[in-house]
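What follows is a single structure, written as C-alpha cells, with notes after it.
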Amino acid sequence: MAEFTSLYSGSSGNSSVVRCGEKYLIVDMGKGVRTTGAALKSLGLAAENCDGILLTHEHSDHVKGLSTFLKKYPMPVYGAEETLDFLEQNHVVPAACDMTPLTVGREEEIGSFGVKAFPTSHDVPCVGYRIHTPDEKNMTIATDLGVLTPAVHEALSGCDLVALESNYDLHMLRSGPYPYYLRSRIESARGHLSNDECSAKLLELIQEGCKKFALCHLSQENNTPMLALQTVFATLGAAGVVPEKDCIVQTQRRNEVSPVLEF
C-alpha cells in the first residue's frame with residue numbers, strides 16, 4: 001500500500017513524503033533538520049531508505065532546511081534544472097551534494113519510483129510531480145500555482161490520490177492586511193490557487209474517478225482549514241457528491257505531521 005504524508009504544509013514551510021513499503025521520497029524541505037528529522041522519526045522512516053528529495057522550486061518555504069539536513073543525511077536531490085542551478089549558485093546545498101536535473105514532461109526512475117516533473121505557473125521556475133509507486137499506484141502533488149494549465153490538468157488526471165494547493169479564501173485575501181501589490185501577486189496567474197479554484201478541480205477529478213485528496217499550502221493569513229473544507233464540501237454537495245462516502249478530503253496541518261493517506 002502506498003502512502004502520502006505531509007510533514008508540514010503552509011506559508012512557513014512545506015515538506016511531504018510518498019512511501020511504498022520501506023522506500024520513500026521526500027518532496028521539498030522548508031523547515032530545519034530538527035523539525036523534519038523528528039517528523040520522519042515519528043513515521044518510522046530511516047534516512048537510508050529515502051530514494052531522494054524532490055524539489056518543486058527555490059522559495060525558502062520549500063528549501064530552507066536543505067543545507068543542514070543534507071550535511072547530516074547526504075542523499076540525492078532532484079528538480080528542474082533552473083531550480084538546481086539557483087541552489088548551487090546561492091550555496092543553498094552543500095558543495096558535495098548529488099543533484100540531478102529532471103527533464104520536465106518525461107517520467108524518470110528515482111529508486112523504486114517513477115517520477116514525472118511538470119511545469120506549474122508561479123513567479124519563479126516551479127514544477128509539480130506525478131509519482132508512480134512500486135505497487136502501480138499514481139499520485140500527483142501540485143502546489144504554488146496560479147492557474148491550472150493543460151500540463152497540470154494532464155498530471156492530475158487518472159490518479160489514485162491528488163495533493164493540490166488550496167492557498168487562500170478570496171474574501172479573506174481581499175479584506176485582509178496584505179498590501180495591494182501582494183494581493184495582486186497571490187491572485188495572479190503566477191501566484192497561488194484559491195479554495196474556489198481547488199474545489200472546482202476536485203469535483204472534476206472525482207467525476208473522473210479519483211477519491212482521495214490532500215489540500216496543501218493553506219495560507220495562515222488568508223485561509224483556515226475549516227474554510228477550505230467548507231468551500232470544497234459546498235462545491236461537491238451542489239453536484240450531489242457526499243464527502244466521506246464518495247471521497248476523502250483532508251486539509252494538511254501547518255506545523256505538524258498530518259494523518260497518513262493511503263492510496
Can a donor-acceptor pair be found between the side chains of Ser194 and Glu197 at a distance below 3.5 Å? yes
Quick check on His153: does its NE2 atom have over 12 non-hydrogen neighbours (other residues, nucleotides or ligands) under 6.0 Å away? yes
Between His192 and Glu165, a side-chain donor and acceptor under 3.5 Å: yes
With a 4.0 Å cut-off on N to O distance, would you call Glu262 and Lys212 a salt bridge? no
Can you classify the ring geometry of Phe69 versus Tyr73 as parallel (below 30°), tilted (30 to 60°) or perpendicular (above 60°)? tilted
Under a 3.5 Å cutoff, is there a donor and acceptor pairing between the side chains of His62 and Glu58? no
Can you check whether Ser6's main-chain N or O pairs, donor with acceptor, with Ser9's side chain at less than 3.5 Å? no
Would the distance check show the side chain of Arg130 and the main-chain N or O of Ala155 forming a donor-acceptor pair, the cut-off being under 3.5 Å? yes
For Gln89, run the side-chain contact (heavy atoms from CB on, under 4.5 Å) check against Leu87, Asp85, Val92 and tell me which one passes. Asp85
Heavy-atom closest contact (Lys64 atom, Gly30 atom, distance): CB-O, 3.5 Å
Check whether Asp246 reaches the backbone of Lys211 with its side chain - one donor and one acceptor, N or O, closer than 3.5 Å. no
So, for Ala228 and Thr251, which heavy atoms are closest and what is the spacing to 0.1 Å? CB-CG2, 4.3 Å
Determine whether a donor-acceptor pair (N or O, by modelled atom type, separation under 3.5 Å) exists between the side chain of Tyr129 and the backbone of Leu55. yes
After noting the C-alpha distance and the side-chain angles of Glu108 and Arg106, does the key distance pass the salt bridge (Lys or Arg N to Asp or Glu O under 4.0 Å) rule? CA-CA 6 Å; Glu108 303 191 35; Arg106 185 176 74 191; 3.7 Å; yes
Quiz question: by atom type and distance under 3.5 Å, do the side chains of Asn195 and Asn223 form a donor-acceptor pair? yes
Determine whether a donor-acceptor pair (N or O, by modelled atom type, separation under 3.5 Å) exists between the side chain of Gln250 and the backbone of Leu261. no
With a distance cut-off below 6.0 Å to the six-membered ring centre and an angular limit of 45° from the axis, does Lys31 pair with Tyr8 as a cation-pi contact? yes
Could you verify whether a donor N or O on one side chain and an acceptor N or O on the other, from Asp160 and Asn138, lie under 3.5 Å apart? no
Is a donor from one side chain sitting under 3.5 angstrom from an acceptor on the other, for Ser15 and Asp28? no
Correct closest heavy-atom pair for Ser11 and Glu221 would be OG-OE1, 4.1 Å
Do Asp123 and Arg185 meet the salt-bridge criterion of a basic N to acidic O distance under 4.0 Å? yes
Please determine whether the number of non-hydrogen atoms from other residues, nucleotides or ligands lying under 6.0 Å from atom CD of Glu81 exceeds 12. no
Quick check: closest heavy atoms across Met75 and Leu70, and the distance to 0.1 Å? O-CD2, 3.7 Å
For Lys201, which of Leu148, Val162, Asp196, Ile206 qualifies under side-chain contact (heavy atoms from CB on, under 4.5 Å)? Leu148
